[in-house]
Amino acid sequence: MDLAPIWLTLKLAAITTLLLLLIGLPLGWWLYKGRSVQKLIIEALITMPLVLPPSVLGFYLLLAFSPQNGFAKWLHQAFNIQLVFSFQGLVLASVIYSMPFMVGPVRSALQQLPASLAQASYTLGKTRFQTFIHVLLPNIKPSLVMAIVLTFAHTLGEFGVVLMIGGNIPGVTRVASIAVYDAVEQMDYAAAGNYSLILFAITFVMLISVFIYNKSQVKSPLK
Amino acid sequence: MISINITKKLRGHGGQLVLYVTKQFVPGSVTKIYGPSGAGKTTFLKIIAGLITPDEGCITVNGIAWADTNKRINLPAQKRRTGFVFQDYALFPNMTVKQHLQYATNDAKWIAELLMLGKLDNLSDQKPLYLSGGQQQRLAVLRALAIKPDILLMDEPFSALDNRTKTELIAELVEIFKQLNCTVFIVSHNRHELDAFAGEEICIGEE
């Protein structure tokens with residue numbers, strides 16, 4: 001069995017999760033701080049991939065990533081970077097597609113913390129950033145771990161957007177979900193079964209690990 | 001001298017009401033604040049701390065304007081550095097007793113003194129989850145004192161303590177306030193629980 005699609009999937013999921021951690025934390029924090037129409041619109045846009053059919057999102061991204069249009073055209077001309085049918089394009093699409101899985105839990109967990117925690121930190125002379133790093137972030141750790149795992153697992157299972165943006169180029173854009181589809185198309189059920197089993201096992205082990213971790217975090221005051 | 005002249009509209013279950021306080025307070029004094037629920041006692045403390053902005057008015061502390069809506073001055077809470085004891089304690093679940101104090105100050109000697117004072121020296125490595133209600137409340141007071149504030153704001157600081165612990169803690173606090181010479185504002189729903197503190201009483205809202 002060709003394991004390249006599995007490694008490519010894991011690489012894509014790891015890079016996407018890392019990027020989303022860097023983007024999602026400050027974004028979730030910004031959304032948590034107060035409400036405005038601007039924030040409402042941005043939050044709705046971030047959440048859209050949850051409700052939009054992946055093919056629709058993929059279609060829009062395909063148009064946006066076209067080397068004949070705007071930003072993608074500039075990228076292509078200035079740096080010879082092509083977003084359509086390339087791994088870079090897959091990463092960018094995955095970041096957009098999986099963003100609600102990182103930003104949503106972070107924002108929600110921050111909102112569930114009592115406002116007095118941050119206020120207490122401010123009265124001790126700490127800045128908003130110090131408060132975020134030393135007080136808020138450590139107290140949303142279980143939600144953050146869940147967000148990281150969900151983002152990773154969701155990227156592993158990505159299909160529609162990947163198909164629209166990346167196609168099926170071995171070693172470049174042929175991730176495991178595409179390999180399953182391709183194997184089924186070719187009536188190679190053994191290969192499809194193997195890829196599916198590996199994906200199933202990885203995601204199952206990840207989720208079980210998170211549940212065990214979260215359970216260990218919920219401690220009874222009587223202990 | 002601490003001069004407060006502020007107005008803030010509040011929204012409560014009974015509709016809108018206006019918090020209006022205009023008064024001068026002597027540095028080093030203790031002011032006991034009473035009033036019914038929803039009258040704005042906590043809001044008043046948070047306005048002094050810089051956590052809530054008044055609609056109109058000014059707060060001047062020893063000649064320095066902390067807030068002045070006309071001049072658009074609003075010193076952030078970080079620069080006012082008032083000690084604040086929150087009603088829900090607002091302890092940091094991720095920090096031990098000692099880490100709470102270390103987060104507030106680098107003065108190791110002062111931290112050791114505070115731990116002794118609050119009788120939490122044997123529990124310095126415990127997180128708030130493993131402290132009793134009274135111990136948590138004492139930690140909240142110690143953390144507020146750790147920054148050696150000029151103004152200490154206490155929102156229902158004794159509500160979860162039994163009578164014995166309350167009496168002991170109040171006696172200790174009376175001494176600490178004298179030592180630190182800080183101006184104290186204490187909010188309480190129980191008018192008589194603060195009798196041990198010599199100071200002025202003000203009532204916010206109708207009683």
For a quick check under 3.5 Å, do Ser98(A) and Thr155(A) share a side-chain donor-acceptor pair by atom type?
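Checked: Ser98(A)/Thr155(A) side chains pair up, N/O donor to acceptor below 3.5 Å.
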
Sort out for me which of Pro93(B), Ala104(B), Ala77(B), Ala140(B) touches chain A most, counting heavy-atom pairs under 4.5 Å.
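So the answer, after comparing Pro93(B), Ala104(B), Ala77(B), Ala140(B), is Pro93(B).
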
Residue among Ile147(B), Val85(B), Leu51(B) with most heavy-atom pairs under 4.5 Å to chain A:
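Max contact count across the listed options: Leu51(B).
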
Could you walk me through whether Asp125(B) and Val97(B) pass side chain to side chain contact (heavy atoms under 4.5 Å, CB included), step by step?
CA-CA 6 Å; Asp125(B) 293 327; Val97(B) 168; over 6 Å; no

Is it the case that the ring center of Phe197(B) lies less than 6.0 angstrom away from the ring center of Phe177(B)?
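They qualify: ring centres under 6.0 Å apart.
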
Between Glu172(B) and Lys119(B), does any side-chain N to carboxylate O distance fall below 4.0 Å?
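Salt bridge present between Glu172(B) and Lys119(B).
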
Looking at Ile198(A), Ile15(A), Leu156(A), which hits side-chain contact (heavy atoms from CB on, under 4.5 Å) with Leu10(A)?
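Between Leu10(A) and the candidates, side-chain contact (heavy atoms from CB on, under 4.5 Å) is satisfied uniquely by Leu156(A).
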
Heavy-atom distance under 4.5 Å to chain A: side chain of [X], backbone, both or neither?
{"X": "Lys46(B)", "result": "side chain"}
{"X": "Leu153(B)", "result": "neither"}
{"X": "Phe86(B)", "result": "side chain"}
{"X": "Arg80(B)", "result": "neither"}
{"X": "Tyr103(B)", "result": "both"}

Less than 6.0 angstrom from the centroid, inside 45 degrees of the normal: does Lys11(A) satisfy that with respect to the ring of Trp7(A)?
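That pair does not qualify as a cation-pi contact.
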
